[in-house]
Amino acid sequence: MEPAREPLRMSELELDPTLLATLQALEAKAVEFVLVGDVAEAIYANGGFVSGVAIVPGAYSRNVDRLCDALVELGAELDGTGAARGPDIRQVDLRELAPCTFQTTLADVDLDFEPQGTRGYRDLFDDAARIQLAPGVNPLVASPADLERIGRRQSPDAPYAQPPAVLPPEPDDSSAWVAEQIRASRAS
């Protein structure tokens, strides 16, 4: 199990109370997410215009259920739909709706389980920092490099993208290659 990360403290940045209350509602339901978008950019820039909360939640079922509960508690409606026309978020899989935006009684919530340029929550989690925005509001915030990657929509370097340093032998001369490798290792 990974050791708990001590939250960094924000001293100069003041966020709109509705944004903080939205994040607090998500954390109160134990939703696992990484904060991205305007709020994350503003945190690193010590300010800026922030219109809503953008998150990348963990996609496993129990977390999606907690996210759904938090959105219901926030009175969320799918953006662009009225209560009569929009889907009942308790009856649909949020992973199938995403990416999407929910209008809540507090702040809009942009939801994407796998933003372009990432492999989702686990990818962003590795370099994210837990930052204290207010008492009781300590979200994981995507790293500046990950935010830039999301902005460029460029995936991280794939492991093993480089060719191997020593190419394997051709099928017809493998015995000669193996013998050469044994001689070279004994000589050193």
Side-chain angles (χ1 to χ4, degrees), residues 5 7-60 62-81 83 86-87 89-90 92-118 120-151 153:
R5 299 179 187 183
L8 300 173
R9 298 192 186 279
M10 294 303 298
S11 57
E12 298 175 25
L13 180 67
E14 290 185 30
L15 291 174
D16 185 309
T18 60
L19 296 172
L20 292 172
T22 302
L23 292 170
Q24 190 169 34
L26 293 169
E27 289 186 358
K29 291 290 185 180
V31 177
E32 293 181 28
F33 66 92
V34 174
L35 189 60
V36 295
D38 293 342
V39 175
E41 296 278 347
I43 289 168
Y44 291 116
N46 286 323
F49 178 74
V50 178
S51 60
V53 174
I55 63 170
V56 178
Y60 63 94
R62 190 176 47 200
N63 194 56
V64 173
D65 291 344
R66 291 190 297 242
L67 174 58
C68 184
D69 290 344
L71 289 170
V72 168
E73 188 174 286
L74 290 167
E77 292 180 4
L78 196 56
D79 190 24
T81 63
I89 61 174
R90 293 169 289 209
V92 296
D93 188 340
L94 295 176
R95 294 169 288 203
E96 293 175 10
L97 290 176
C100 59
T101 300
F102 288 96
Q103 294 175 336
T104 76
T105 56
L106 297 173
D108 290 353
V109 177
D110 295 329
L111 176 67
D112 195 346
F113 286 92
E114 194 170 315
Q116 287 188 352
T118 76
Y121 174 77
R122 292 300 310 171
D123 179 23
L124 297 173
F125 175 86
D126 291 337
D127 294 324
R130 190 161 298 280
I131 298 178
Q132 183 177 14
L133 301 177
V137 183
N138 305 299
L140 278 174
V141 180
S143 72
D146 286 339
L147 293 172
E148 182 180 327
R149 185 165 44 108
I150 291 169
R153 302 182 190 289

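Contact between Val36 and Ala142 at its shortest, heavy atoms only, is CG1-CB, 3.8 Å. In plain terms, the two heavy atoms of Pro139 and Leu23 that are nearest each other are CG-CD1, 4.5 Å. Between Val64 and Ala59, the shortest heavy-atom contact is CG2-O, 3.7 Å. For the residue pair Val31 and Ala70, the shortest heavy atom distance occurs at CG2-CB, 4.3 Å. In plain terms, the two heavy atoms of Val137 and Glu27 that are nearest each other are CA-OE1, 3.5 Å. Shortest non-hydrogen contact noted between Leu20 and Ala134 is CD1-CB, 4.0 Å.
Checked against side chain to side chain donor-acceptor pair (under 3.5 Å), Asn63 has the following partners two or more places apart in sequence or in another chain: Arg66. Residues forming a ring-ring contact (aromatic ring centres under 6.0 Å, His included) with Phe113 (at least two apart in sequence, or on another chain): none.
In this structure, CD in Glu114 is found 14.0 Å from CZ in Arg122, a value given to the nearest 0.5 Å. Separation of atoms CZ (Arg130) and CG (Leu140) is listed at 4.0 Å; rounding is to 0.5 Å. Remark: Lys29 NZ to Asp65 CG distance equals 11.5 Å, nearest 0.5 Å. Between the CD atom in Gln24 and the CG atom in Asn138 there is a gap of 9.5 Å [rounded to 0.5 Å]. Atom CG of residue Leu94 and atom SG of residue Cys100 lie 7.0 Å apart, to the nearest 0.5 angstrom.
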>> Between Leu35 and Ile43, does the side-chain contact (heavy atoms from CB on, under 4.5 Å) criterion hold? Intermediate values first, please.
In response: CA-CA 10 Å; Leu35 189 60; Ile43 289 168; 4.1 Å; yes
> side-chain contact (heavy atoms from CB on, under 4.5 Å) between Leu19 and Leu133: does it pass, once the steps are laid out?
Replying inline: CA-CA 10 Å; Leu19 296 172; Leu133 301 177; over 6 Å; no
> Going through the checks in order, is the side-chain contact (heavy atoms from CB on, under 4.5 Å) test met by Ile150 and Leu124?
Replying inline: CA-CA 10 Å; Ile150 291 169; Leu124 297 173; 4.2 Å; yes
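In summary, of the residues considered (Leu71, Val53, Asp110), a side chain to side chain contact (heavy atoms under 4.5 Å, CB included) with Phe102 occurs for Leu71 alone.
Within the 4.5 Å cutoff, the side chain of Thr118 has no heavy atoms near those of the Val56 side chain. A heavy-atom distance below 4.5 Å is not found between the side chains of Val34 and Asp146.
Proximity of a side-chain donor or acceptor of Thr22 to a complementary backbone N or O of Thr18 within less than 3.5 Å is detected. A side-chain donor-acceptor contact under 3.5 Å links Thr105 to the backbone of Leu74.
Salt bridge annotation for Asp127-Arg149: absent, with no cationic side-chain nitrogen under 4.0 angstrom from a carboxylate oxygen.
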